[in-house]
Amino acid sequence: MPATDKSDRAMTSVTAQEALDFHSQGRPGKLEISPTKPMATQRDLSLAYSPGVAVPVKAIAEDPQTAYDYTARGNMVAVISNGTAILGLGNLGALASKPVMEGKSVLFKRFADVDSIDLEVDTESVDEFVNCVRFLGPSFGGINLEDIKAPDCFIIEQRLREVMDIPVFHDDQHGTAIIAAAGLINALTLTGRDFKTTRLVCNGAGAAAIACIELIKAMGFNPDNIILCDTKGVIYKGRTDGMNQWKSAHAIETDLRTLVDAVEGADVFFGLSAKGALSSDMVRSMAPRPIIFAMANPDPEITPEEVAEIRDDAIVATGRSDYPNQVNNVLGFPYIFRGALDVRASTINDAMKIAAAEALASLAKEDVPDDVAAAYQGNRPRFGPHYIIPVPFDPRLISAIPIAVAKAAMETGVARKPITDLAAYGRQLSARRDPIASTLQRIYERVRRQPKRIVFAEGEEVQMMRSAVAYANQQLGTAILLGREEQMRETAEREGIDLNRPGIQIVNARLSKRVGAYTDYLYARLQRRGYLFRDVQRLINNDRNHFAASMVALGDADGMVTGLTRNYSTALEDVRRCIDAKPGHRVIGVSIALCRGRTVLVADTAVHDMPTAEELADIAEEAAGLAKRLGYMPRVALLAYSTFGHPSGERSERVREAVKILDRRRVDFEYDGEMAADVALNARVMEQYPFCRLSGTANVLVMPAFHSASISTKMLQELGGSMVIGPLLVGLDKSVQIASMSAKDSDIVNMAAIAAYNAGT
């Protein structure tokens, strides 16, 4: 059944030994428990356990709902199995299912920041399984059942839903159904069909198949137009052989008896059965523009290549990651539980499943971000026959699906903690997956309240166009694309980018009426620096950085972003010809490093090679100022290889002198140095220096030189798992940001948002 790429075919690129090594090396398995509160001191332990823990215990006893406030229950899902139907491998037992259940728990955390623990129940008795799980309810916010054979899975889920007041969700059933339904919505749209008149044949009558049929019926599909088949043929009214109550519920009046008969003339084929179940002749017999979802794993009922040999008008989906249109459960369960948990839903009902399917279908119709396109090696997918279902690494899933699920839960009355501001909730969701979104959230909110005009200097670049559209779509202001309009529109048409939407403005430097004003402005600045008037004319007419920077300098735009087509230092030189430092400020680069929820600003990472003591003091002030604008109370550590005089050295002396300069300036933020990085960042190490002025670990690091700043941030990114924003350009009189040449569209939008934010400060 289609789940998170549960396929033996994956072993063609991963050897058995590699898989074993992956699970065994280092700490065995894929999960660990990490505390969310400090456990460093005796006081911490007293609060975490005895006697402090007695206080929330009493509060929960008085009001059970406060368990969501004082414990991890509200963000905890149990992944539970007895191993009777392990990812297509069959009944291998509870213990053998543990690697799969651990993997499922990892996916919950990776994709939706849902904490999860796996529980393997060693029984095949339905009664014993139900009695085991039902009494675990107080521990969790939701139950995800997995890899349980049919029909036991139907009985278990139904009985648990009746006795538990938290969501119980058998993903093998409903996860597959939701993703398949999303794909079906879009396939019907592309082929001009609707739910009322389309004929569908489903081969396979197990858990996933039954769930698919039930869900699309709930969505409005005509029950009389659905034929369900199993290994014995069509499930029709009056049949007794191999029947059970779940099959009988979908039996119809028909004279058809075989799959071959049923498929002839059908519009849609759903396969949740076995390899080769759909033959070439069957495909030939289907209606024009057939929709074929061959979802059996590890091998589909028919491959896309086999379908293509027969007809060229089919839309094909499978459960495999090596084909387009993968029906992958990871598109559903993490985000469905995320939305359900966040409103404290008592169950996951049909309305919530339908909302998830419709949100997925809508997302596939939107322009695809770089994060998705990168996986296609530059071939950006676009809504159509080969892209009807979003892919698992689409970063928009975390905000699109939970909002739809939460909204449906509230509308149907199963939400015990309604969300009043869904827009704010969406931003919080983005922050859960992407630390950058968390740090930039307040910036985006500020810019939406005070939208700005930002010039995207390299407007003919596809990345810039996509970024400009995203900037406008997020209501951050007007995106001004600089370039030749004809070429830009040709490229946009080819790449599927809509430049006609509100908030997009195109400016051609050579045709602009402001060329004269910009030339005069720049000539006045450069005439005593070796530039003739015609030199400046060429810069304005031919170099978009100079034109864009002049626009900003003269107030025709609030800020600019550039950097895709030339290196950072070159782009900065271009900008500095047009824009000076802010009076009393120094131009520096600040990178923001984010790791495990911790944010640290690092300076200077772009401008000063080997700063003097005076320059180090200026860098500290500029970086502290940025920290304040981002909403942090700066604690600045001036770093060196030494700590407070040991070992001594010339470079450390320069850092110590910078601290003295800050003393004389009487700055209004915490600072100290010189100190090594571990002293600055580790509270226990810092305690060894009781005279240290910092009240806590540093959140602003001033590096002694550019080379150490650059090396450290790149090492953090590559080895420490940190995410790094920047370098952000700080200290200019006007707002400019320079992206890296390898920046994705999301990076450029972040830079544009920061430019807009700084334009208002």
Side-chain angles (χ1 to χ4, degrees), residues 1-11 13-36 72-73 75-124 129 132-133 136 139-149 153 156-157 160 166-176 297-298 319 321 328-338 341 392-393 398 432-433 596 721:
M1 63 197 66
T4 53
D5 195 27
K6 300 175 179 179
S7 172
D8 287 339
R9 287 291 294 271
M11 297 305 291
S13 59
V14 177
T15 68
Q17 189 58 50
E18 285 176 322
L20 292 174
D21 289 344
F22 176 84
H23 286 82
S24 64
Q25 288 178 350
R27 182 175 295 185
K30 299 186 285 286
L31 294 173
E32 68 176 2
I33 301 297
S34 179
T36 58
R73 187 190 188 199
N75 195 51
M76 179 70 72
V77 168
V79 176
I80 306 181
S81 178
N82 63 0
T84 53
I86 303 175
L87 51 72
L89 297 174
N91 186 352
L92 299 181
L95 185 58
S97 74
K98 186 170 179 62
V100 182
M101 302 310 121
E102 282 189 359
K104 192 86 172 194
S105 293
V106 169
L107 294 175
F108 267 113
K109 187 66 177 178
R110 166 64 179 83
F111 286 100
D113 193 27
V114 172
D115 294 323
S116 179
I117 188 169
D118 62 293
L119 298 173
E120 291 71 39
V121 181
D122 192 13
T123 181
E124 294 189 24
F129 190 100
C132 173
V133 175
L136 296 173
S139 300
F140 305 105
I143 303 293
N144 185 98
L145 301 174
E146 189 80 11
D147 289 356
I148 303 170
K149 68 181 180 180
C153 59
I156 288 170
E157 184 189 46
L160 287 175
I166 57 176
V168 178
F169 185 85
H170 185 218
D171 185 50
D172 295 321
Q173 297 178 59
H174 308 299
T176 300
N297 260 331
S321 62
N328 189 329
N329 286 20
V330 81
L331 293 166
F333 69 84
Y335 312 111
I336 293 165
F337 269 100
R338 179 75 275 154
L341 291 171
F393 38 81
I398 183 62
R432 279 185 175 273
R433 175 167 177 176
R596 292 181 176 269

Do you know the tightest heavy-atom contact between D115 and K109?
OD1-NZ, 2.8 Å

Could you give me the CA-CA distance, side-chain angles and deciding distance for L145 and L160, then say whether side chain to side chain contact (heavy atoms under 4.5 Å, CB included) is met?
CA-CA 10 Å; L145 301 174; L160 287 175; 4.2 Å; yes

Of all the heavy-atom pairs spanning P392 and F111, show the shortest one and how long it is.
O-CE2, 3.2 Å

Hey, what do you get for CG (N328) to CG (L107), rounding to the nearest 0.5 Å?
8.5 Å

In chain order, what residues pass the side-chain hydrogen bond (donor to acceptor under 3.5 Å, both in side chains) check against N144, with sequence neighbours excluded?
E146

Can you name the closest pair of heavy atoms from D172 and D147 and give their distance?
OD2-N, 2.5 Å

Which heavy atom in N82 sits nearest to a heavy atom in I148, and how many Å separate them?
OD1-CG1, 3.8 Å

By side-chain hydrogen bond (donor to acceptor under 3.5 Å, both in side chains) - contacts of K149 (at least two apart)
none

Of all heavy-atom pairs between S105 and I117, which one has the smallest distance, and what is that distance?
OG-C, 3.6 Å

Under 3.5 Å donor-acceptor pairs involving side-chain atoms of residues 87-94, not counting sequence neighbours:
residue: N91; atom: OD1; partner: G93; partner atom: N; Å: 3.4
residue: N91; atom: ND2; partner: E124; partner atom: OE2; Å: 3.0

How long is the straight-line distance from CD1 of I336 back to CG of L341, given to the nearest 0.5 Å?
11.5 Å

Go through the structure and list residues passing ring-ring contact (aromatic ring centres under 6.0 Å, His included) with H170, not counting sequence neighbours.
none

Report the residues that fulfil side chain to side chain contact (heavy atoms under 4.5 Å, CB included) with T123, sequence neighbours left out, ordered by chain and then residue number.
V121, S125, E128, F129

Rounded to the nearest 0.5 Å, how far apart are OG of S116 and CE of M76?
7.5 Å

F108: ring-ring contact (aromatic ring centres under 6.0 Å, His included) partners, not counting sequence neighbours:
F333, F337

For R110 and V330, run side chain to side chain contact (heavy atoms under 4.5 Å, CB included): C-alpha distance rounded to whole Å, both residues' side-chain angles, the deciding distance at 0.1 Å, then the answer.
CA-CA 10 Å; R110 166 64 179 83; V330 81; over 6 Å; no

side-chain hydrogen bond (donor to acceptor under 3.5 Å, both in side chains) with E102: which residues, sequence neighbours excluded?
none

Hey, what do you get for CG (D118) to CD1 (I80), rounding to the nearest 0.5 Å?
10.0 Å

Criterion side chain to side chain contact (heavy atoms under 4.5 Å, CB included) on L95 and D122, from CA distance to verdict:
CA-CA 8 Å; L95 185 58; D122 192 13; over 6 Å; no

Between R73 and S139, is there a donor-acceptor pair closer than 3.5 Å when you use the side chain of the first and the backbone of the second?
no

Residues D113 and R338 bridged, charged N to O under 4.0 Å
no

Taking only residues two or more places apart in sequence or in another chain, which ones pass side chain to side chain contact (heavy atoms under 4.5 Å, CB included) with S97?
S81, I86, M101, E120

